[in-house]
Amino acid sequence: MPETKPIKLLVVDDEEGIVHFTKKIYEHKGFIAFGATDGVTAVEIFKKERPQISLIDVHMPYSPIDGIETLRQIKEIDKNAVCIMVTRITEQDKVDAARSAGAFAYLLKPLTAEDIDNVISEAREKLGF
Amino acid sequence: MSIYSVSPLICSLLALSFGFFVYFHNRKSQVNISFGLLCLSTFWWQFSWFILFNIQDRSLVSCLTKIGYTGIIWIPFTFYHFVIYWLGLHKEKILLYLSYILGFVFLVILWSSDLFLKGFYEYRWGYYPKAGLLHPLYLAILSIVAARVFWVLGLSLKTRNLSAVQRNQFKYTITSFAIYTLASIDFIINYGIEFYPFGFSFVILSLFLVAYAIFKYRLMDINVVFARASIFIIVYALVLGIPFSLVSWGRLWLVNVFGQYWFLGPMIILLGSATAGPFIYQYLRKRAEDLILKDQRRYQGILHNLSKSMIRIKDLDALIATVTLTMVDIVKVDFAAIYLKEDEYKSYQLKRYYPKEAKGRFQEFIPFEHSLAKILFLKKSPISGGDIGPQDKVDLDSGIIVPYLVEESLLGFLVLGAKSKGQMYTTDDILILETISYSTSLAIENCRFWKEIETKQRKARLQEMDAYSYSLAHEIDNPVQVVIGQTDLLKKYLLKDIPEERRKDTLEAYEYILEAAKRVSGMVKAIRDFGSPATGELKPLKLNDVVESFSKLYLPQFKTNTVYFEKHLPDGDICIKGEKAELMQVLVILANNSIHALLDTKEKKITLKAEPLNQDKVRIIFSDNGYGIKKEDLEIIFKPFVTTKASTEGTGMGLANAIKIIEKHKGRIWAESEGKGKGASFYIELPVAQDTKEEDLACETNKTKRLF
């Protein structure tokens with residue numbers, strides 16, 4: 001657990017309940033968590049807070065921009081940002097788009113906290129934060 | 001006019017009118033034609049004698065006796081002719097032609113020599129022909145023909161399976177012919193023994209017997225015409241007879257009473273009766289017809305209404321049920337059954353029969369090439385026993401078969417038993433059955449058309465439902481994930497804020513919530529797996545995963561149908577290669593069939609057992625304790641369009657699809673059953689995914705849910 005400087009985490013999902021509990025769980029784990037239910041808000045929060053890790057739902061029908069576009073805009077702002085894509089549908093073109101846009105990982109829902117934790121520790125190891 | 005000539009005159013006229021009625025009622029029927037010929041010969045015989053008994057001129061006698069015999073010769077042969085056609089003994093035809101040739105031979109002898117008739121006797125009541133040298137030969141032949149006639153009649157009566165009505169027809173025909181035969185007593189007079197030729201009385205008696213049989217047992221189906229004619233003759237005999245007999249017998253008395261205007265009385269009576277005649281005739285005719293046709297008119301009216309309303313019925317099952325019920329309950333026939341064309345079986349399939357007791361009579365399928373189908377198609381109108389021979393292997397049992405024709409094809413047919421009251425089908429019956437068959441054919445087509453439209457609409461609806469359920473499953477999963485995640489949050493981090501003494505209960509509650517939510521999530525995933533489009537490639541899968549997904553998907557169905565479902569899975573993962581959705585579909589098909597087979601079972605049970613068979617193969621055994629499968633059906637059931645379900649359910653495609661899917665997976669599927677009522681088991685064998693770690697890995701990735 002980082003004691004000096006807590007890690008900032010952004011949770012993007014169009015289901016508010018999911019954003020809420022994910023945020024809470026990571027807050028309990030000592031993260032500073034932010035939440036957004038659409039891509040535009042997510043990009044704004046990213047600009048302001050610069051979280052090291054973003055969990056982004058790919059499929060957000062009610063958001064003006066979808067998960068892939070959110071990923072691209074975040075990567076434009078900071079190409080070192082760790083973006084973990086989360087989805088329920090396996091569409092190969094989305095997977096490819098996420099990969100070429102520089103996503104760190106692509107996970108399939110439903111997920112347990114452990115699944116996400118594993119990816120986060122992997123990212124921290126790789127990028128050293 | 002000689003008093004002795006009255007009886008032959010009456011007899012001849014009776015025979016003539018009788019023959020006319022029978023012949024004109026159905027001029028195409030060989031039975032009617034031959035009966036007409038018999039009557040004509042009888043008329044010829046008696047009418048010649050009527051003239052013979054009246055003439056004074058001796059020079060004309062020889063010629064007249066020969067003219068009389070010109071008719072007499074044919075009597076035994078026309079007799080034979082009638083019986084052969086009435087019984088349908090077509091093999092006897094050669095003998096019949098032979099006997100007709102003999103008739104001609106005798107005719108030639110009669111007119112060219114005096115070997116047959118040699119002059120005449122002069123009795124006190126008139127002249128009578130004298131037998132010639134060959135006359136006994138004719139009598140011998142006559143005896144042989146008569147013996148043959150009674151032999152075939154007796155044989156048919158004994159060997160044929162006759163209905164009560166037919167038995168009575170036989171009885172009357174045989175008796176009436178036997179009586180007619182007695183008329184041959186007149187031949188004795190040809191040999192010089194003098195007595196008045198009273199053979200005519202036997203002829204009249206036999207004619208009356210036939211007439212009675214016609215009325216009572218519908219022999220030759222002419223009772224209505226006969227009634228009309230009789231009424232007409234009686235009415236006009238009275239209309240003309242009363243005044244004329246008054247004139248001929250009461251003239252003296254009339255002249256005495258009325259003087260020179262004696263004729264006015266009879267004339268007024270004639271005018272009156274001639275005016276009233278038609279009305280009396282109409283009245284009596286109507287009464288007689290009402291009486292004779294009472295029953296027939298009742299159901300014909302109902303049939304007529306039925307044929308009008310039939311076209312509005314849109315459900316085929318309802319339509320054929322209505323037709324069979326009406327035939328049995330309203331027309332009152334012993335049984336009714338409907339067969340309809342099923343191209344898939346190349347047969348006509350029994351669709352419905354009524355009443356239940358008639359079950360044993362019908363075979364389920366009548367192939368297209370069966371002679372019955374051919375006869376119906378060729379004849380294109382109702383057929384009765386007379387239309388088919390023994391070689392056709394169809395037992396009509398005095399019933400009738402009505403074809404359903406549309407354009408140039410035989411759509412099906414209606415099999416009717418004998419009329420319950422023992423009556424025969426009349427020409428009118430056959431006509432109305434034929435008429436109603438046209439509207440039935442149209443109604444059947446109509447039903448099939450509606451069903452097709454409905455199926456199309458349903459298919460379209462199902463397709464929409466398909467897409468809908470896929471996205472619905474997606475939308476259900478989101479809130480379920482919220483429930484799971486939030487409960488997880490409560491469990492892990494917020495439980496400590498709950499007072500110690502309530503923590504256990506709360507934790508329990510959380511567990512229940514999590515368990516329920518995960519079950520929903522599992523079902524949703526199963527629906528999505530099931531609905532995901534086929535990619536056409538076989539991917540590594542865990543066998544247990546497929547079975548689990550199936551049971552999650554299907555459990556609600558088992559529960560609705562109160563089926564106890566048990567599954568046995570192997571320990572550890574067995575990897576197979578396949579499309580999950582398709583393999584699930586196979587299990588769904590088997591489950592659908594089992595649930596149907598279990599409808600009448602009290603304790604419904606389905607067992608699914610998956611086990612490794614050896615290193616290369618796995619086996620899934622899907623068993624139920626339902627009504628089982630007949631041995632001969634074990635293979636047929638995998639053929640397309642075969643279904644044991646009612647026509648409204650099932651497409652008969654289920655197992656045909658299953659076998660296709662399993663073959664694609666390089667496996668095999670077969671059914672086993674101990675027989676009816678002993679349940680059924682379906683076996684599926686699939687190859688185990690071998691070697692390559694890559695595949696094992698892929699099998700593993702399913703667990704980690706990480707694509708990169």
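Below, each value reflects all heavy atoms present in this structure, side chains not excepted, and no hydrogens, waters or symmetry copies. Residue numbering restarts at 1 for every chain, and letters A, B, ... go by the order of the sequence lines.
Under the salt bridge (charged side-chain N to carboxylate O under 4.0 Å, His left out) criterion, the residue pairs touching residues 12-21 of chain A are A:Asp13-A:Lys109, with sequence neighbours excluded.
No more than 12 heavy atoms of other residues, nucleotides or ligands shown are found within 6.0 angstrom of NZ on B:Lys609. Within 6.0 Å of CD in B:Glu501 there are more than 12 heavy atoms belonging to other residues, nucleotides or ligands. The local environment of CZ in B:Phe708 is crowded, with over 12 non-hydrogen atoms from other residues, nucleotides or ligands closer than 6.0 Å.
For A:Glu44, there are no salt bridge (Lys or Arg N to Asp or Glu O under 4.0 Å) partners two or more places apart in sequence or in a different chain. Under the salt bridge (Lys or Arg N to Asp or Glu O under 4.0 Å) criterion, B:Lys617 pairs with B:Glu685, not counting sequence neighbours.
Using a 4.5 Å cut-off between heavy atoms, A:Glu114 touches chain B through its side chain atoms alone.
Within residues 479-500 of chain B, the residues having any heavy atom closer than 4.5 Å to a heavy atom of chain A are B:Pro479, B:Gln481, B:Val482, B:Gly485, B:Gln486, B:Leu489, B:Lys492, B:Tyr493, B:Leu494, B:Lys496, listed by residue number.
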